[in-house]
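Below you'll find the structure, written out as structure tokens, and then a few comments.
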Number of protein chains: 2
Amino acid sequence: MTTLSEAIHSGALRGNVLASTCPSRDILKHVTSRWGVLVLIALQGGTKRFAELRRLIGGVSDRMLAQTLQLLEEDGFVLRHDHQEVPPRVDYTLTPMGEEVAEHVRALADWIEGNLPRIMAHQSEPAETV
Amino acid sequence: MTTLSEAIHSGALRGNVLASTCPSRDILKHVTSRWGVLVLIALQGGTKRFAELRRLIGGVSDRMLAQTLQLLEEDGFVLRHDHQEVPPRVDYTLTPMGEEVAEHVRALADWIEGNLPRIMAHQSEPAETV
DNA sequence: CGGTATCCTCCCAGATACTG
DNA sequence: CAGTATCTGGGAGGATACCG
């Protein structure tokens, strides 16, 4: 009797996220934010410098990149390493925890990329008889 | 020689998402939006009516719920069924495609919920020597 | 190079009111 | 019940300038 597993899948227990008070929502917000998603994916390729990330992630500004990296660092997903050199050299790496979330985020992004044709096809469909 | 697989994991090919022109970003935006995430998760429990979703998802307004459902319907993730009754009765179901994304989204949300202690613990850590 | 500070703008999203 | 319409404030996020 897998009460727990069943309960989870039926949505009975797993659902704290659905409650407005659930702290997960905040973390989720950082991770699923416009630039958060892309930073996590970009860092899956290994340690990267600031300018490297800015170049990799199309359209991101200095401001938003820095802000996003700070949030992810606070959450413990990204490790910031300042080499204390002149000219400045700072690089960013996923922590073990960061690797785990990044894996999920990437899986989602990959699924979307892989199924774009299916999605686009549906979007242009004439509304069928309901 | 798994050139493709290797290329994907090294970040060489998988990276259209990182390009500002990638259409995936739009879909990703819908799916990872504040309410999009929660709607997908809520609908994993099976077909639900409008009011049911509003009750399940803490803090959502009529306006945002309707708007989110419309977007997800356009993308082909949600099927809207209007029973054409009085009083009105409309229910929402995940399409097969919707089930697939929802699974990824739920995996992410579950990971966060399951690792909240780890995350919170890190957040209150004093900055270690780097 | 790797940021921060400031200003400014637009759109997300909440509140309220109304409808079939 | 299941929405839409309208108004509005706040925050996300871009542009620019500056700094160690």
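The figures that follow rest on heavy atoms only: side chains count, while hydrogens, waters and symmetry mates do not. What you see is a predicted model; the values in this text were computed from it and never measured.
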Item to complete: Would you mind telling me which residue lines up with the more 5' stretch of DNA chain C, Tyr92(A) or Ser33(B), judged by nearest nucleotide?
Response: Tyr92(A)

Protein-nucleotides 14-20 of chain D N/O pairs under 3.5 Å:
unit_1, atom_1, unit_2, atom_2, d
dG14(D), OP1, Arg34(A), NH1, 3.2
dG14(D), O6, Arg63(A), NE, 3.2

Fill in: Shortest non-hydrogen contact between Asp75(B) and His122(A), atoms and distance
C-ND1, 3.8 Å

Practice prompt. Could you check how far CD of Gln67(B) sits from P of dA13(C), rounded to whole Å?
Written response: 7 Å

Worksheet item: What's the closest nucleotide to the Arg49(B) side chain, out of dG3(D), dA2(D), dG2(C)?
Response: dA2(D)

Practice prompt. Mark yes or no for whether Arg25(A), through its side chain, and Leu18(A), through its backbone, hold a donor-acceptor pair below 3.5 Å.
Written response: yes

Fill in: Gap between atoms CG and C1', on Leu53(A) and dC1(C) respectively (whole Å)
13 Å

Item to complete: Could you tell me the separation between the CG atom of Leu79(A) and the CG atom of Leu69(A), rounded to the nearest 0.5 Å?
Response: 11.5 Å

Discussion item. Measure CZ/Arg55(B) against P/dA2(D) and give the value in whole Å, please.
Written reply: 11 Å

Worksheet item: For Ala107(B) and His104(A), which heavy atoms make the closest approach, and how far apart are they?
Response: CB-ND1, 3.8 Å

Worksheet item: Do you know which two heavy atoms are closest between Ala42(A) and Leu53(A), and how far apart they sit?
Response: CB-CD2, 3.8 Å

Practice prompt. Look only at the side chain of Ser24(A) and the backbone of Val17(A), and say whether a donor-acceptor pair between them is shorter than 3.5 Å.
Written response: no

Discussion item. In whole Å, I'd like the distance from the CG atom of Leu65(B) to the P atom of dA13(C).
Written reply: 13 Å

Fill in: Gln70(B) side-chain N/O to dT4(D) phosphate OP1/OP2 under 4.0 Å
yes

Item to complete: Find the distance His30(A):NE2 to dG13(D):C1' and express it as a whole number of Å.
Response: 16 Å

Item to complete: For Arg80(A) and dC1(C), give me the distance from atom CZ to atom P, rounded to whole Å.
Response: 16 Å

Practice prompt. Mind calculating the distance between CG (Leu56(A)) and C1' (dG2(C)) to the nearest angstrom?
Written response: 16 Å

Worksheet item: Looking for any heavy atom pair under 4.0 Å, which part of the strands does Gln84(B) touch: base, sugar-phosphate only, or nothing?
Response: nothing

Worksheet item: Any idea which heavy atoms bring Arg49(B) and Pro88(B) closest together, and the distance?
Response: NH2-O, 3.5 Å

Fill in: Arg54(B) CZ - dA15(C) P separation (whole Å)
14 Å

